[in-house]
Novice: 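Sharing a structure with you now.
First the proteins, then the strands, lettered A, B, ... as listed; each starts at 1. Quick note: numbers below take in every heavy atom, side chains included, and nothing from hydrogens, waters or symmetry partners.
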Amino acid sequence: MRYGRPPASAAIIAKAAKSVLIYRSDILVGIVSLALRVVLVHLVWQALYAGDASVAGIGRDDAIGYAILGAIFNVTFQPWHFSSLMSRVSDGTVVFDLIRPVGLITLSLGQQFGAVLAGFPRALIGMAVALALGAVPPPTGVATALAFVVSSLLGLAIALLCNLLVAMTAFWTTEIYGAIMVYHMAAAFCSGALIPLWFMPGPLATALSCLPFSAQVFTPLSIYLGREPDMHTLASIGGQLVWVVALAGLSRLVWRRALLRVVIHGG
Amino acid sequence: MAAELIRQVKAYAWLQRAAWKASFAYRGNTANTIVGVAAVQGAQLLFIGVLLDRFGAVAGWSIPEVALLYGMRLTAHGICTTCFGQHTAVAIMLREGYYDRFLLRPVNPFLQVLTARFNLGTLGDLGLGLTILAVAAPAAPVRWTPLTVSFLAGAVLGGGLVEAGVQIALSGLSFRVSMFSAKATVSTVFTDFGAYPMTIFGHAGAHALTFALPLAFVAYLPCTVILGRTAELVVPAWLAYGAPLAGPLLLYAGYRFFIRQSRHYVSTGN
(Lines give C-alpha, C1' and ligand atoms only; values in the text may rest on other atoms or scores of the structure.)
Protein backbone atom coordinates (compact mmCIF):
# COMPACT_ATOMS: atom_id res chain seq x y z
CA MET A 1 0.00 0.00 0.00
CA ARG A 2 1.43 3.35 -1.05
CA TYR A 3 1.13 6.46 1.06
CA GLY A 4 -1.44 9.05 0.09
CA ARG A 5 -3.75 6.51 -1.53
CA PRO A 6 -6.64 4.72 0.07
CA PRO A 7 -6.31 0.95 0.02
CA ALA A 8 -7.73 -0.82 -3.03
CA SER A 9 -10.42 -2.50 -0.92
CA ALA A 10 -11.85 0.88 0.09
CA ALA A 11 -12.05 1.89 -3.56
CA ILE A 12 -13.79 -1.39 -4.43
CA ILE A 13 -16.35 -0.86 -1.66
CA ALA A 14 -16.99 2.75 -2.70
CA LYS A 15 -17.39 1.83 -6.36
CA ALA A 16 -19.80 -1.00 -5.53
CA ALA A 17 -21.91 1.30 -3.35
CA LYS A 18 -21.91 3.92 -6.09
CA SER A 19 -23.01 1.40 -8.70
CA VAL A 20 -26.09 0.66 -6.58
CA LEU A 21 -26.85 4.27 -5.60
CA ILE A 22 -26.68 5.49 -9.18
CA TYR A 23 -30.05 3.86 -9.92
CA ARG A 24 -32.11 6.46 -8.09
CA SER A 25 -35.56 5.17 -8.98
CA ASP A 26 -34.51 1.75 -7.74
CA ILE A 27 -33.48 3.28 -4.42
CA LEU A 28 -36.74 5.19 -4.12
CA VAL A 29 -38.96 2.20 -4.87
CA GLY A 30 -36.83 0.13 -2.52
CA ILE A 31 -37.39 2.59 0.33
CA VAL A 32 -41.14 2.80 -0.26
CA SER A 33 -41.56 -0.95 -0.49
CA LEU A 34 -39.54 -1.61 2.66
CA ALA A 35 -41.65 0.97 4.54
CA LEU A 36 -44.79 -0.75 3.19
CA ARG A 37 -43.39 -4.09 4.23
CA VAL A 38 -42.79 -2.85 7.77
CA VAL A 39 -46.43 -1.72 7.99
CA LEU A 40 -47.77 -5.01 6.55
CA VAL A 41 -45.62 -7.21 8.78
CA HIS A 42 -46.82 -5.14 11.74
CA LEU A 43 -50.47 -5.77 10.76
CA VAL A 44 -49.95 -9.50 10.11
CA TRP A 45 -48.30 -10.14 13.45
CA GLN A 46 -50.84 -8.04 15.30
CA ALA A 47 -53.56 -10.20 13.75
CA LEU A 48 -51.69 -13.40 14.57
CA TYR A 49 -51.55 -12.41 18.22
CA ALA A 50 -55.16 -11.16 18.10
CA GLY A 51 -55.37 -10.07 21.71
CA ASP A 52 -53.19 -12.83 23.18
CA ALA A 53 -50.47 -11.33 25.32
CA SER A 54 -48.15 -14.24 24.70
CA VAL A 55 -47.91 -17.31 22.44
CA ALA A 56 -45.46 -20.13 23.13
CA GLY A 57 -44.02 -18.02 25.94
CA ILE A 58 -43.14 -15.12 23.64
CA GLY A 59 -44.71 -11.76 24.37
CA ARG A 60 -46.65 -9.92 21.71
CA ASP A 61 -44.37 -6.88 21.59
CA ASP A 62 -41.21 -8.97 21.35
CA ALA A 63 -42.64 -11.09 18.52
CA ILE A 64 -43.83 -8.08 16.52
CA GLY A 65 -40.56 -6.21 17.06
CA TYR A 66 -38.64 -9.28 16.01
CA ALA A 67 -40.71 -9.88 12.88
CA ILE A 68 -40.18 -6.32 11.69
CA LEU A 69 -36.46 -6.21 12.44
CA GLY A 70 -36.22 -9.61 10.71
CA ALA A 71 -37.87 -8.21 7.59
CA ILE A 72 -35.44 -5.26 7.54
CA PHE A 73 -32.44 -7.54 8.06
CA ASN A 74 -33.68 -9.95 5.41
CA VAL A 75 -33.92 -7.21 2.80
CA THR A 76 -30.62 -5.61 3.78
CA PHE A 77 -28.34 -8.55 4.54
CA GLN A 78 -29.81 -11.29 2.37
CA PRO A 79 -30.47 -9.71 -1.06
CA TRP A 80 -31.34 -11.88 -4.04
CA HIS A 81 -28.48 -10.75 -6.21
CA PHE A 82 -25.50 -10.82 -3.97
CA SER A 83 -22.49 -11.45 -6.15
CA SER A 84 -21.57 -10.96 -9.77
CA LEU A 85 -19.05 -13.76 -9.40
CA MET A 86 -21.29 -16.49 -10.83
CA SER A 87 -22.20 -14.66 -14.00
CA ARG A 88 -18.53 -13.75 -14.43
CA VAL A 89 -17.59 -17.42 -14.19
CA SER A 90 -20.28 -18.52 -16.59
CA ASP A 91 -19.45 -15.95 -19.27
CA GLY A 92 -15.71 -16.14 -18.72
CA THR A 93 -15.13 -12.52 -17.70
CA VAL A 94 -13.75 -13.83 -14.41
CA VAL A 95 -10.44 -14.00 -16.30
CA PHE A 96 -10.12 -10.23 -15.91
CA ASP A 97 -10.66 -10.54 -12.18
CA LEU A 98 -7.97 -13.18 -11.97
CA ILE A 99 -5.31 -10.95 -13.55
CA ARG A 100 -6.05 -8.01 -11.28
CA PRO A 101 -3.59 -7.11 -8.54
CA VAL A 102 -6.33 -7.55 -5.93
CA GLY A 103 -7.33 -11.08 -4.94
CA LEU A 104 -10.70 -12.36 -6.07
CA ILE A 105 -11.91 -12.92 -2.51
CA THR A 106 -11.12 -9.31 -1.55
CA LEU A 107 -12.75 -8.11 -4.75
CA SER A 108 -15.91 -10.15 -4.32
CA LEU A 109 -16.33 -9.40 -0.60
CA GLY A 110 -15.61 -5.71 -1.20
CA GLN A 111 -18.22 -5.52 -3.93
CA GLN A 112 -20.82 -7.27 -1.80
CA PHE A 113 -20.07 -5.09 1.20
CA GLY A 114 -20.36 -1.93 -0.91
CA ALA A 115 -23.71 -3.03 -2.26
CA VAL A 116 -25.01 -3.80 1.24
CA LEU A 117 -23.68 -0.45 2.49
CA ALA A 118 -25.72 1.29 -0.19
CA GLY A 119 -28.81 -0.39 1.29
CA PHE A 120 -28.17 1.03 4.79
CA PRO A 121 -30.11 4.30 4.28
CA ARG A 122 -33.13 2.22 3.25
CA ALA A 123 -32.75 0.03 6.33
CA LEU A 124 -32.49 3.11 8.58
CA ILE A 125 -35.65 4.59 7.08
CA GLY A 126 -37.43 1.24 7.57
CA MET A 127 -36.23 1.27 11.17
CA ALA A 128 -37.47 4.85 11.63
CA VAL A 129 -40.92 3.87 10.33
CA ALA A 130 -40.97 0.90 12.72
CA LEU A 131 -39.98 3.08 15.69
CA ALA A 132 -42.56 5.71 14.73
CA LEU A 133 -45.30 3.06 14.57
CA GLY A 134 -44.23 1.87 17.98
CA ALA A 135 -43.80 -1.56 16.39
CA VAL A 136 -40.19 -1.90 17.47
CA PRO A 137 -39.24 -0.76 20.96
CA PRO A 138 -36.15 1.46 21.25
CA PRO A 139 -33.11 -0.43 22.58
CA THR A 140 -33.10 -0.88 26.36
CA GLY A 141 -29.83 0.96 26.86
CA VAL A 142 -26.54 2.13 25.39
CA ALA A 143 -24.86 -1.20 26.13
CA THR A 144 -27.64 -3.08 24.34
CA ALA A 145 -27.43 -0.77 21.33
CA LEU A 146 -23.67 -1.19 21.18
CA ALA A 147 -23.84 -4.98 21.47
CA PHE A 148 -26.54 -4.99 18.77
CA VAL A 149 -24.38 -2.98 16.35
CA VAL A 150 -21.34 -5.21 16.91
CA SER A 151 -23.42 -8.35 16.56
CA SER A 152 -25.14 -7.03 13.41
CA LEU A 153 -21.80 -6.29 11.76
CA LEU A 154 -20.56 -9.77 12.62
CA GLY A 155 -23.83 -11.18 11.29
CA LEU A 156 -23.26 -9.26 8.08
CA ALA A 157 -19.72 -10.63 7.81
CA ILE A 158 -21.09 -14.16 8.18
CA ALA A 159 -23.78 -13.50 5.55
CA LEU A 160 -21.20 -12.14 3.09
CA LEU A 161 -18.87 -15.09 3.60
CA CYS A 162 -21.73 -17.57 3.14
CA ASN A 163 -22.72 -15.73 -0.07
CA LEU A 164 -19.17 -15.94 -1.30
CA LEU A 165 -19.04 -19.68 -0.67
CA VAL A 166 -22.30 -20.22 -2.57
CA ALA A 167 -21.12 -18.03 -5.44
CA MET A 168 -17.90 -20.02 -5.67
CA THR A 169 -19.81 -23.22 -6.45
CA ALA A 170 -20.10 -21.65 -9.92
CA PHE A 171 -16.52 -22.84 -10.53
CA TRP A 172 -17.84 -26.42 -10.37
CA THR A 173 -21.33 -26.24 -11.81
CA THR A 174 -21.16 -23.07 -14.01
CA GLU A 175 -24.88 -22.44 -13.57
CA ILE A 176 -25.68 -21.85 -9.94
CA TYR A 177 -29.18 -20.47 -9.97
CA GLY A 178 -30.31 -23.62 -8.19
CA ALA A 179 -27.73 -23.21 -5.47
CA ILE A 180 -28.69 -19.58 -4.99
CA MET A 181 -32.35 -20.45 -4.60
CA VAL A 182 -31.63 -23.06 -1.96
CA TYR A 183 -29.31 -20.74 -0.18
CA HIS A 184 -31.63 -17.76 -0.25
CA MET A 185 -34.60 -19.65 1.18
CA ALA A 186 -32.51 -21.65 3.62
CA ALA A 187 -30.85 -18.48 4.84
CA ALA A 188 -34.15 -16.62 5.20
CA PHE A 189 -35.77 -19.45 7.14
CA CYS A 190 -32.81 -20.82 9.11
CA SER A 191 -31.48 -17.41 10.10
CA GLY A 192 -34.77 -16.65 11.80
CA ALA A 193 -35.51 -13.72 9.48
CA LEU A 194 -38.97 -15.16 8.71
CA ILE A 195 -39.95 -16.62 12.06
CA PRO A 196 -37.96 -16.29 15.26
CA LEU A 197 -36.23 -19.47 16.35
CA TRP A 198 -38.25 -19.19 19.59
CA PHE A 199 -41.37 -20.44 17.81
CA MET A 200 -39.74 -23.46 16.23
CA PRO A 201 -40.08 -26.90 17.80
CA GLY A 202 -37.24 -27.65 20.24
CA PRO A 203 -35.08 -30.04 18.18
CA LEU A 204 -35.38 -27.86 15.05
CA ALA A 205 -34.41 -24.73 16.99
CA THR A 206 -31.42 -26.55 18.47
CA ALA A 207 -30.34 -27.81 15.05
CA LEU A 208 -30.68 -24.34 13.51
CA SER A 209 -28.74 -22.67 16.27
CA CYS A 210 -25.75 -24.88 15.33
CA LEU A 211 -25.73 -23.53 11.74
CA PRO A 212 -24.13 -20.27 10.61
CA PHE A 213 -27.50 -18.85 9.53
CA SER A 214 -28.85 -18.07 12.99
CA ALA A 215 -25.69 -16.03 13.64
CA GLN A 216 -26.64 -13.80 10.68
CA VAL A 217 -29.97 -12.52 11.96
CA PHE A 218 -31.29 -14.30 15.05
CA THR A 219 -28.29 -13.47 17.27
CA PRO A 220 -28.30 -9.67 16.69
CA LEU A 221 -32.09 -9.49 16.96
CA SER A 222 -32.26 -11.41 20.21
CA ILE A 223 -29.59 -9.10 21.60
CA TYR A 224 -31.66 -6.06 20.55
CA LEU A 225 -34.85 -7.35 22.12
CA GLY A 226 -33.11 -8.88 25.13
CA ARG A 227 -32.70 -7.20 28.48
CA GLU A 228 -29.37 -5.78 29.66
CA PRO A 229 -26.39 -7.47 27.97
CA ASP A 230 -24.88 -10.24 30.08
CA MET A 231 -22.44 -13.14 29.80
CA HIS A 232 -24.84 -14.83 27.43
CA THR A 233 -24.62 -11.86 25.03
CA LEU A 234 -20.84 -12.02 25.10
CA ALA A 235 -20.99 -15.76 24.41
CA SER A 236 -23.25 -15.21 21.37
CA ILE A 237 -20.91 -12.56 19.99
CA GLY A 238 -17.99 -14.91 20.61
CA GLY A 239 -19.87 -17.60 18.70
CA GLN A 240 -20.31 -15.22 15.78
CA LEU A 241 -16.57 -14.46 15.82
CA VAL A 242 -15.81 -18.17 15.65
CA TRP A 243 -18.10 -18.44 12.59
CA VAL A 244 -16.39 -15.52 10.87
CA VAL A 245 -12.96 -17.11 11.34
CA ALA A 246 -14.15 -20.57 10.29
CA LEU A 247 -15.98 -19.34 7.18
CA ALA A 248 -13.07 -17.11 6.16
CA GLY A 249 -10.76 -20.12 6.41
CA LEU A 250 -13.18 -22.27 4.44
CA SER A 251 -13.48 -19.61 1.73
CA ARG A 252 -9.72 -19.54 1.28
CA LEU A 253 -9.65 -23.31 1.04
CA VAL A 254 -12.49 -23.45 -1.51
CA TRP A 255 -10.89 -20.63 -3.47
CA ARG A 256 -7.56 -22.53 -3.72
CA ARG A 257 -9.38 -25.56 -5.10
CA ALA A 258 -11.50 -23.38 -7.40
CA LEU A 259 -8.36 -21.93 -8.97
CA LEU A 260 -7.39 -25.44 -10.07
CA ARG A 261 -10.84 -25.92 -11.57
CA VAL A 262 -11.27 -22.68 -13.42
CA VAL A 263 -11.76 -23.01 -17.16
CA ILE A 264 -12.13 -19.90 -19.27
CA HIS A 265 -14.12 -20.18 -22.47
CA GLY A 266 -12.11 -19.16 -25.47
CA GLY A 267 -14.42 -16.24 -26.33
CA MET B 1 -56.37 -11.09 -34.64
CA ALA B 2 -57.13 -14.73 -33.75
CA ALA B 3 -54.62 -16.05 -36.29
CA GLU B 4 -52.00 -13.68 -34.92
CA LEU B 5 -52.70 -14.83 -31.37
CA ILE B 6 -52.31 -18.48 -32.40
CA ARG B 7 -49.05 -17.66 -34.16
CA GLN B 8 -47.73 -15.95 -31.02
CA VAL B 9 -48.78 -18.83 -28.76
CA LYS B 10 -47.07 -21.30 -31.11
CA ALA B 11 -43.87 -19.26 -31.13
CA TYR B 12 -44.02 -19.10 -27.33
CA ALA B 13 -44.45 -22.89 -27.09
CA TRP B 14 -41.50 -23.55 -29.42
CA LEU B 15 -39.17 -21.16 -27.63
CA GLN B 16 -40.25 -22.33 -24.22
CA ARG B 17 -39.53 -25.94 -25.20
CA ALA B 18 -36.02 -24.93 -26.31
CA ALA B 19 -35.45 -23.03 -23.05
CA TRP B 20 -36.70 -26.07 -21.12
CA LYS B 21 -34.15 -28.32 -22.87
CA ALA B 22 -31.37 -25.80 -22.36
CA SER B 23 -32.07 -25.56 -18.66
CA PHE B 24 -31.33 -29.27 -18.27
CA ALA B 25 -28.02 -28.96 -20.15
CA TYR B 26 -25.95 -28.20 -17.06
CA ARG B 27 -26.23 -31.47 -15.20
CA GLY B 28 -24.57 -30.29 -12.02
CA ASN B 29 -26.99 -27.43 -11.83
CA THR B 30 -29.97 -29.66 -12.59
CA ALA B 31 -29.09 -31.92 -9.68
CA ASN B 32 -28.43 -28.86 -7.58
CA THR B 33 -31.78 -27.36 -8.50
CA ILE B 34 -33.74 -30.51 -7.70
CA VAL B 35 -32.18 -30.57 -4.24
CA GLY B 36 -32.78 -26.83 -4.14
CA VAL B 37 -36.44 -27.04 -4.95
CA ALA B 38 -36.90 -29.61 -2.22
CA ALA B 39 -35.11 -27.33 0.26
CA VAL B 40 -36.96 -24.20 -0.79
CA GLN B 41 -40.35 -25.85 -0.60
CA GLY B 42 -39.39 -27.58 2.62
CA ALA B 43 -38.55 -24.18 4.10
CA GLN B 44 -41.88 -22.74 2.90
CA LEU B 45 -43.77 -25.67 4.39
CA LEU B 46 -41.89 -25.33 7.65
CA PHE B 47 -42.70 -21.62 7.71
CA ILE B 48 -46.42 -22.07 7.28
CA GLY B 49 -46.37 -25.19 9.47
CA VAL B 50 -44.66 -23.46 12.38
CA LEU B 51 -46.95 -20.45 12.03
CA LEU B 52 -50.19 -22.45 11.98
CA ASP B 53 -48.97 -24.81 14.69
CA ARG B 54 -48.20 -21.90 17.02
CA PHE B 55 -51.12 -19.64 16.25
CA GLY B 56 -53.94 -21.90 15.06
CA ALA B 57 -56.64 -19.68 13.60
CA VAL B 58 -55.82 -16.45 11.77
CA ALA B 59 -58.51 -13.73 11.80
CA GLY B 60 -61.17 -16.35 12.41
CA TRP B 61 -59.99 -18.65 9.61
CA SER B 62 -59.27 -22.20 10.75
CA ILE B 63 -56.07 -24.06 9.83
CA PRO B 64 -57.59 -25.95 6.83
CA GLU B 65 -59.07 -22.69 5.54
CA VAL B 66 -55.75 -20.85 5.74
CA ALA B 67 -54.06 -23.89 4.17
CA LEU B 68 -56.51 -23.78 1.24
CA LEU B 69 -55.82 -20.05 0.79
CA TYR B 70 -52.08 -20.71 0.97
CA GLY B 71 -52.36 -23.56 -1.55
CA MET B 72 -54.32 -21.37 -3.97
CA ARG B 73 -51.81 -18.54 -3.63
CA LEU B 74 -48.81 -20.81 -4.15
CA THR B 75 -50.36 -22.63 -7.13
CA ALA B 76 -51.21 -19.29 -8.76
CA HIS B 77 -47.67 -18.12 -8.08
CA GLY B 78 -46.35 -21.34 -9.64
CA ILE B 79 -48.42 -20.75 -12.77
CA CYS B 80 -47.07 -17.21 -12.94
CA THR B 81 -43.42 -18.17 -12.49
CA THR B 82 -43.36 -21.27 -14.72
CA CYS B 83 -45.02 -19.53 -17.67
CA PHE B 84 -44.02 -15.88 -17.24
CA GLY B 85 -41.26 -15.83 -14.63
CA GLN B 86 -38.48 -14.71 -16.95
CA HIS B 87 -39.86 -11.19 -17.35
CA THR B 88 -37.90 -10.37 -14.17
CA ALA B 89 -34.68 -10.81 -16.15
CA VAL B 90 -35.57 -7.92 -18.46
CA ALA B 91 -33.89 -5.33 -16.21
CA ILE B 92 -30.56 -7.11 -16.41
CA MET B 93 -31.06 -7.83 -20.13
CA LEU B 94 -31.48 -4.11 -20.75
CA ARG B 95 -28.57 -3.18 -18.55
CA GLU B 96 -26.22 -5.62 -20.23
CA GLY B 97 -27.42 -5.01 -23.76
CA TYR B 98 -28.90 -8.48 -24.47
CA TYR B 99 -32.17 -6.93 -25.55
CA ASP B 100 -30.56 -5.72 -28.80
CA ARG B 101 -30.39 -9.33 -29.97
CA PHE B 102 -34.13 -9.80 -29.52
CA LEU B 103 -34.84 -6.88 -31.80
CA LEU B 104 -32.89 -8.55 -34.61
CA ARG B 105 -34.99 -11.72 -34.61
CA PRO B 106 -38.36 -12.20 -36.30
CA VAL B 107 -40.27 -13.04 -33.10
CA ASN B 108 -42.05 -10.74 -30.65
CA PRO B 109 -39.27 -9.51 -28.30
CA PHE B 110 -41.59 -9.94 -25.31
CA LEU B 111 -41.86 -13.68 -26.05
CA GLN B 112 -38.10 -13.86 -26.38
CA VAL B 113 -37.72 -12.29 -22.94
CA LEU B 114 -40.13 -14.85 -21.44
CA THR B 115 -38.34 -17.78 -23.05
CA ALA B 116 -34.71 -16.65 -22.68
CA ARG B 117 -34.30 -19.42 -20.14
CA PHE B 118 -36.42 -21.71 -18.04
CA ASN B 119 -35.97 -21.64 -14.31
CA LEU B 120 -36.37 -25.21 -13.09
CA GLY B 121 -36.98 -24.03 -9.56
CA THR B 122 -40.35 -22.62 -10.52
CA LEU B 123 -41.67 -26.16 -10.98
CA GLY B 124 -41.26 -26.53 -7.24
CA ASP B 125 -43.68 -23.68 -6.53
CA LEU B 126 -46.25 -25.26 -8.78
CA GLY B 127 -45.68 -28.77 -7.41
CA LEU B 128 -45.93 -27.75 -3.77
CA GLY B 129 -48.90 -25.49 -4.47
CA LEU B 130 -50.83 -28.35 -6.05
CA THR B 131 -49.83 -30.71 -3.24
CA ILE B 132 -51.05 -28.31 -0.56
CA LEU B 133 -54.29 -27.79 -2.49
CA ALA B 134 -54.78 -31.56 -2.72
CA VAL B 135 -54.28 -31.94 1.04
CA ALA B 136 -56.17 -28.83 2.14
CA ALA B 137 -59.19 -29.12 -0.17
CA PRO B 138 -60.71 -32.24 1.42
CA ALA B 139 -59.98 -30.91 4.93
CA ALA B 140 -61.57 -27.51 4.31
CA PRO B 141 -65.25 -27.02 5.21
CA VAL B 142 -66.38 -27.02 1.57
CA ARG B 143 -68.86 -29.26 -0.21
CA TRP B 144 -66.98 -29.96 -3.43
CA THR B 145 -69.11 -30.07 -6.54
CA PRO B 146 -68.03 -29.94 -10.19
CA LEU B 147 -68.91 -26.24 -10.05
CA THR B 148 -66.70 -25.38 -7.04
CA VAL B 149 -63.85 -27.49 -8.45
CA SER B 150 -63.99 -25.68 -11.77
CA PHE B 151 -64.22 -22.33 -9.97
CA LEU B 152 -61.11 -23.30 -8.00
CA ALA B 153 -59.27 -24.24 -11.21
CA GLY B 154 -60.31 -20.99 -12.88
CA ALA B 155 -59.35 -19.04 -9.77
CA VAL B 156 -55.78 -20.36 -9.55
CA LEU B 157 -55.26 -19.91 -13.30
CA GLY B 158 -56.67 -16.39 -13.13
CA GLY B 159 -54.62 -15.69 -9.99
CA GLY B 160 -51.44 -16.68 -11.80
CA LEU B 161 -52.32 -14.31 -14.65
CA VAL B 162 -53.07 -11.45 -12.21
CA GLU B 163 -49.64 -11.80 -10.66
CA ALA B 164 -48.04 -12.10 -14.11
CA GLY B 165 -49.87 -9.02 -15.40
CA VAL B 166 -48.77 -6.82 -12.51
CA GLN B 167 -45.19 -8.00 -12.61
CA ILE B 168 -44.92 -7.72 -16.39
CA ALA B 169 -46.15 -4.12 -16.16
CA LEU B 170 -43.53 -3.44 -13.49
CA SER B 171 -40.89 -5.03 -15.70
CA GLY B 172 -42.02 -2.73 -18.51
CA LEU B 173 -41.01 0.22 -16.34
CA SER B 174 -37.40 -0.96 -16.67
CA PHE B 175 -37.39 0.55 -20.16
CA ARG B 176 -37.91 4.01 -18.66
CA VAL B 177 -36.12 3.90 -15.36
CA SER B 178 -33.51 1.39 -14.37
CA MET B 179 -35.16 -0.79 -11.77
CA PHE B 180 -33.40 -3.82 -10.58
CA SER B 181 -33.77 -4.94 -7.00
CA ALA B 182 -36.83 -2.78 -6.31
CA LYS B 183 -39.07 -4.91 -8.50
CA ALA B 184 -38.00 -8.02 -6.63
CA THR B 185 -38.99 -6.32 -3.38
CA VAL B 186 -42.44 -5.47 -4.76
CA SER B 187 -42.99 -9.03 -5.91
CA THR B 188 -42.02 -10.45 -2.54
CA VAL B 189 -44.71 -8.23 -1.03
CA PHE B 190 -47.01 -10.12 -3.40
CA THR B 191 -45.81 -13.57 -2.41
CA ASP B 192 -45.45 -12.90 1.31
CA PHE B 193 -48.75 -11.19 2.04
CA GLY B 194 -51.11 -12.95 -0.38
CA ALA B 195 -51.72 -15.89 1.91
CA TYR B 196 -53.50 -14.09 4.73
CA PRO B 197 -57.19 -13.24 5.06
CA MET B 198 -57.24 -9.59 3.99
CA THR B 199 -59.34 -8.54 6.96
CA ILE B 200 -56.15 -8.46 9.02
CA PHE B 201 -54.97 -5.45 7.00
CA GLY B 202 -57.95 -3.39 8.10
CA HIS B 203 -60.52 -1.61 5.98
CA ALA B 204 -58.12 0.75 4.21
CA GLY B 205 -55.47 -1.93 3.84
CA ALA B 206 -57.90 -4.39 2.27
CA HIS B 207 -59.04 -1.76 -0.21
CA ALA B 208 -55.46 -0.85 -1.07
CA LEU B 209 -54.55 -4.51 -1.60
CA THR B 210 -57.57 -4.97 -3.85
CA PHE B 211 -57.49 -1.86 -6.03
CA ALA B 212 -54.04 -0.24 -5.74
CA LEU B 213 -52.19 -3.56 -5.82
CA PRO B 214 -54.59 -6.31 -6.96
CA LEU B 215 -53.20 -8.82 -4.49
CA ALA B 216 -56.67 -9.86 -3.28
CA PHE B 217 -57.57 -11.17 -6.75
CA VAL B 218 -54.73 -13.70 -6.68
CA ALA B 219 -56.29 -15.97 -4.07
CA TYR B 220 -58.16 -14.23 -1.26
CA LEU B 221 -61.27 -13.06 -3.16
CA PRO B 222 -62.00 -16.37 -4.95
CA CYS B 223 -61.17 -18.27 -1.74
CA THR B 224 -63.91 -16.41 0.15
CA VAL B 225 -66.36 -17.60 -2.53
CA ILE B 226 -65.27 -21.22 -2.14
CA LEU B 227 -65.41 -21.04 1.65
CA GLY B 228 -68.71 -19.13 1.69
CA ARG B 229 -67.08 -16.22 3.49
CA THR B 230 -68.02 -13.41 1.12
CA ALA B 231 -69.88 -11.73 3.99
CA GLU B 232 -66.56 -10.61 5.52
CA LEU B 233 -65.47 -8.78 2.35
CA VAL B 234 -65.05 -5.02 2.40
CA VAL B 235 -65.64 -4.96 -1.38
CA PRO B 236 -68.82 -6.02 -3.29
CA ALA B 237 -69.22 -9.81 -3.46
CA TRP B 238 -69.55 -9.82 -7.27
CA LEU B 239 -65.89 -8.82 -7.43
CA ALA B 240 -65.04 -12.06 -5.66
CA TYR B 241 -67.22 -14.14 -7.99
CA GLY B 242 -65.68 -12.44 -11.02
CA ALA B 243 -62.12 -12.64 -9.68
CA PRO B 244 -60.94 -15.37 -12.13
CA LEU B 245 -61.77 -13.03 -15.02
CA ALA B 246 -59.42 -10.36 -13.67
CA GLY B 247 -56.46 -12.56 -14.65
CA PRO B 248 -56.70 -12.45 -18.46
CA LEU B 249 -57.63 -8.75 -18.32
CA LEU B 250 -54.69 -7.79 -16.14
CA LEU B 251 -52.30 -9.95 -18.14
CA TYR B 252 -53.37 -8.24 -21.33
CA ALA B 253 -53.10 -4.81 -19.71
CA GLY B 254 -49.64 -5.67 -18.35
CA TYR B 255 -48.53 -6.89 -21.76
CA ARG B 256 -49.80 -3.74 -23.53
CA PHE B 257 -48.06 -1.60 -20.94
CA PHE B 258 -44.81 -3.54 -21.41
CA ILE B 259 -44.98 -3.12 -25.19
CA ARG B 260 -45.73 0.61 -24.89
CA GLN B 261 -42.82 1.10 -22.55
CA SER B 262 -40.53 -0.92 -24.81
CA ARG B 263 -40.83 1.84 -27.40
CA HIS B 264 -38.66 3.94 -25.10
CA TYR B 265 -35.86 1.40 -25.33
CA VAL B 266 -32.40 2.88 -25.60
CA SER B 267 -29.59 0.43 -26.15
CA THR B 268 -26.65 0.51 -23.76
CA GLY B 269 -24.53 0.13 -26.87
CA ASN B 270 -22.35 -2.84 -25.96
Novice: Would one find more than 12 heavy atoms of other residues, nucleotides or ligands at under 6.0 Å from atom CD1 of I22(A)?
Specialist: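 Incorrect, the count does not exceed 12.
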Novice: Flag the one option from V41(A), L40(A), I31(A), V39(A) with the top tally of heavy-atom pairs under 4.5 Å to chain B.
Specialist: L40(A)
Novice: Step by step, would you call L43(A) with Y196(B) a side-chain contact (heavy atoms from CB on, under 4.5 Å)?
Specialist: CA-CA 11 Å; L43(A) 290 170; Y196(B) 299 103; over 6 Å; no
Novice: Is W198(A) close to chain B through its backbone or its side chain, or both, or neither, when contacts mean heavy atoms under 4.5 Å?
Specialist: neither
Novice: Relative to chain B, which segment of L28(A) carries a heavy atom at a distance below 4.5 Å: side chain, backbone, both, or neither?
Specialist: neither
